[in-house]
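What follows is a short report on a single structure.
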Amino acid sequence: MGALHIGHLSLIERARVENTCVVLSIFVNPLQFGANEDLAKYPRTLENDLQICQPVGVDVVFAPNALEMGVTNPTITQVIPPIEMTSGLCGRSRSGHFQGVATIVTKLLNIVQPDRAYFGNKDGQQLAIMRRLVQDLNLPVEIIGCPTVREPSGLAHSSRNQYLSESDRQIAPHIYQSLQQAQQLFKKVKDLKPAEIITTAANYLAKRPEIVLEYMELVEANTLQPCTEITAQAELMLAIAARIGNTRLIDNILLSHNITPRKPIIAIDGPAGAGKSTVTKLVANKLGLLSLDTGAMYRCITLAAMREGVDLRDQGKIQAIATRSKIQLIPRVDAEKPLQVLLNGEDVTAEIRSPDVTANVSLIAAQPAVRKILVRQQQQIGQGGGVVMEGRDIGTHVFPDAEIKIFLTASATERAKRRQADLIAQGQVAPDLEVLEHDIKERDRKDSTREHAPLIQAKDATLVDTDGLTIDEVVAAIVDLYEAKVQNP
């Protein structure tokens with residue numbers, strides 16, 4: 001419906017990673033507006049939306065008008081989803097809404113004919129209806145639900161958030177916090193009744209009269225039918241709609257005992273030259289986990305920008321390069337060898353470690369747009385757990401909920417010696433130790449003072465100073481932490 005925000009961009013970015021062509025439809029659908037909803041006042045920001053979606057990898061924008069979509073005819077054929085899925089939750093107060101959504105989505109899918117269609121989990125009712133629609137009508141498209149993207153406060157990103165005042169924004173996060181209260185109860189207490197879960201969340205909101213509850217319901221996530229009994233196999237959704245002033249907000253949280261817990265994530269942060277890459281590969285190999293060198297990803301973008309001869313401070317051009325760059329990290333059979341790194345199909349494993357790339361990578365890594373693109377890719381790779389990631393902000397920004405966080409460091413003098421030895425081993429000309437130590441200190445300064453996601457030690461990270469330690473000793477310490485977590489989760 002336009003008015004794009006970061007939640008929409010997360011769908012685009014995932015589609016970009018998983019497909020060769022991304023089509024974005026923008027259409028303010030008159031069929032889904034009820035009698036008391038003002039279609040004329042709905043924000044239409046097409047020009048701004050086009051500027052937002054172009055640099056993030058959208059190949060085609062399909063933005064038809066109502067006449068082109070054939071919805072000006074009052075007797076248009078419509079798609080009617082099962083009444084039991086549309087009559088509850090938001091459908092109770094928005095008669096005909098999901099019929100209008102189903103009709104237009106069916107038309108869009110028929111016109112574009114995609115292999116996959118991406119919907120956010122925030123509107124859980126819409127997502128369930130779309131899956132049922134595709135199943136019942138035998139449409140050859142896979143419906144993919146994507147995690148709700150939230151502000152740091154927990155407030156779900158939404159086009160409607162623009163209507164919230166500053167004071168409203170302080171109150172709105174309590175909607176999600178009420179759902180979290182119910183989730184904690186669900187995890188801790190066995191043999192719960194559905195009413196107990198609903199009451200827990202509702203009681204939390206009752207202390208905040210500024211939030212006017214429209215509904216709070218526990219339903220089967222796939223069928224949207226009210227939950228009457230909580231079983232071990234149940235896949236449930238606790239859904240809420242509430243008003244703050246004149247703004248209506250929706251949110252939900254999934255509850256299930258049947259979801260396999262993810263494997264732990266090991267986040268290894270620290271300054272350049274502390275040995276993160278080597279340690280990460282060895283720890284991953286020792287534990288049978290996936291190793292991800294995030295620094296190599298930023299080095300790839302740096303190399304690509306240098307090859308094109310663009311100004312490395314031109315954030316718009318660098319963002320465009322990051323968007324169209326395909327980065328592949330391929331583990332080696334020999335864990336002591338660096339990951340094979342492909343940039344757009346070309347092996348750049350050695351070239352991204354050159355002194356020129358090393359000298360400029362901090363400038364690229366500090367750019368918010370680049371970090372956003374690569375962080376999304378990193379999160380998608382690691383969302384199932386069982387991964388060892390290293391970088392500057394893995395434990396603080398990329399995976400703040402990582403089970404094991406390590407801050408690996410060493411003195412600048414020690415890191416300079418290691419860097420010189422690495423360059424010599426690679427057959428490259430190595431600068432003097434004094435020059436390397438100066439460069440390392442300068443990079444530390446840039447990384448720790450950059451505005452976006454600076455290099456800092458997470459509060460719950462274990463500090464490991466590698467001065468005087470062998471690689472094997474460092475690896476053993478991290479493996480011990482992991483095994484303790486697995487055995488005593």
Short side-chain to backbone donor-acceptor contact, [X] and [Y], under 3.5 Å:
X      : Y      : value
Asp460 : Pro400 : no
Thr396 : Ala458 : no
Gln162 : Ser159 : yes
Gln379 : Val398 : yes
Gln319 : Val370 : no
Asp269 : Gly395 : yes
Asn344 : Ser325 : no

Let me confirm one number: the [atom1]-[atom2] distance from [X] to [Y], rounded to the nearest 0.5 Å.
X      : Y      : atom1 : atom2 : answer
Cys53  : His8   : SG    : NE2   : 11.5 Å
Thr302 : Leu312 : OG1   : CG    : 7.5 Å
Leu50  : Thr45  : CG    : OG1   : 9.0 Å
Ile171 : Leu155 : CD1   : CG    : 12.0 Å
Thr86  : Arg94  : OG1   : CZ    : 13.0 Å

- Query: Shortest non-hydrogen contact from Asn246 to Arg243?
  - Reply: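 So the two residues come closest at O-NH1, 3.8 Å.
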
- So, for Ile26 and Met1, which heavy atoms are closest and what is the spacing to 0.1 Å?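 Between these two residues, the closest heavy atoms are CG2-C, 4.3 Å.
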
- Query: Is there a donor in the side chain of Gln367 and an acceptor in the side chain of Gln315, or the other way round, less than 3.5 Å apart?
  - Reply: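 Distance-only check fails for Gln367 and Gln315.
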
- Message: For a quick check under 3.5 Å, do Thr349 and Gln340 share a side-chain donor-acceptor pair by atom type?
- Response: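 No, no side-chain donor-acceptor pair sits under 3.5 Å.
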
Which atom pairs, donor and acceptor, lie under 3.5 Å between side-chain atoms of residues 105-132 and protein residues at least two apart or in another chain?
from   : atom 1 : to     : atom 2 : distance (Å)
Thr106 : OG1    : Ala102 : O      : 2.7
Lys107 : NZ     : Met69  : O      : 3.0
Asn110 : ND2    : Thr106 : O      : 3.3
Gln113 : NE2    : Asn110 : O      : 3.3
Arg116 : NH1    : Asn19  : OD1    : 2.4
Tyr118 : OH     : Glu18  : OE1    : 2.8
Tyr118 : OH     : Asn19  : ND2    : 2.9
Asn121 : ND2    : Cys146 : O      : 3.4
Asp123 : OD1    : Gln126 : N      : 3.0
Gln125 : OE1    : Cys90  : N      : 3.1
Gln125 : NE2    : Met85  : O      : 3.0
Gln125 : NE2    : Gly88  : O      : 3.0
Arg132 : NE     : Asp136 : OD1    : 3.3
Arg132 : NE     : Asp136 : OD2    : 2.8

- State which residues pass ring pair (Phe, Tyr, Trp, His ring centres under 6.0 Å) with His157; sequence neighbours excluded, sorted by chain then number.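 For His157, no residue satisfies ring pair (Phe, Tyr, Trp, His ring centres under 6.0 Å) once neighbours in sequence are set aside.
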
- Message: Apply side chain to side chain donor-acceptor pair (under 3.5 Å) to residues Thr199 and Asn203 and explain how you reach the verdict.
- Response: CA-CA 6 Å; Thr199 299; Asn203 285 347; 5.6 Å; no

- With sequence neighbours excluded, what pairs up with Arg324 under the side chain to side chain contact (heavy atoms under 4.5 Å, CB included) test?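 Side chain to side chain contact (heavy atoms under 4.5 Å, CB included) list for Arg324, sorted by chain: Glu308, Ala320, Ile321.
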
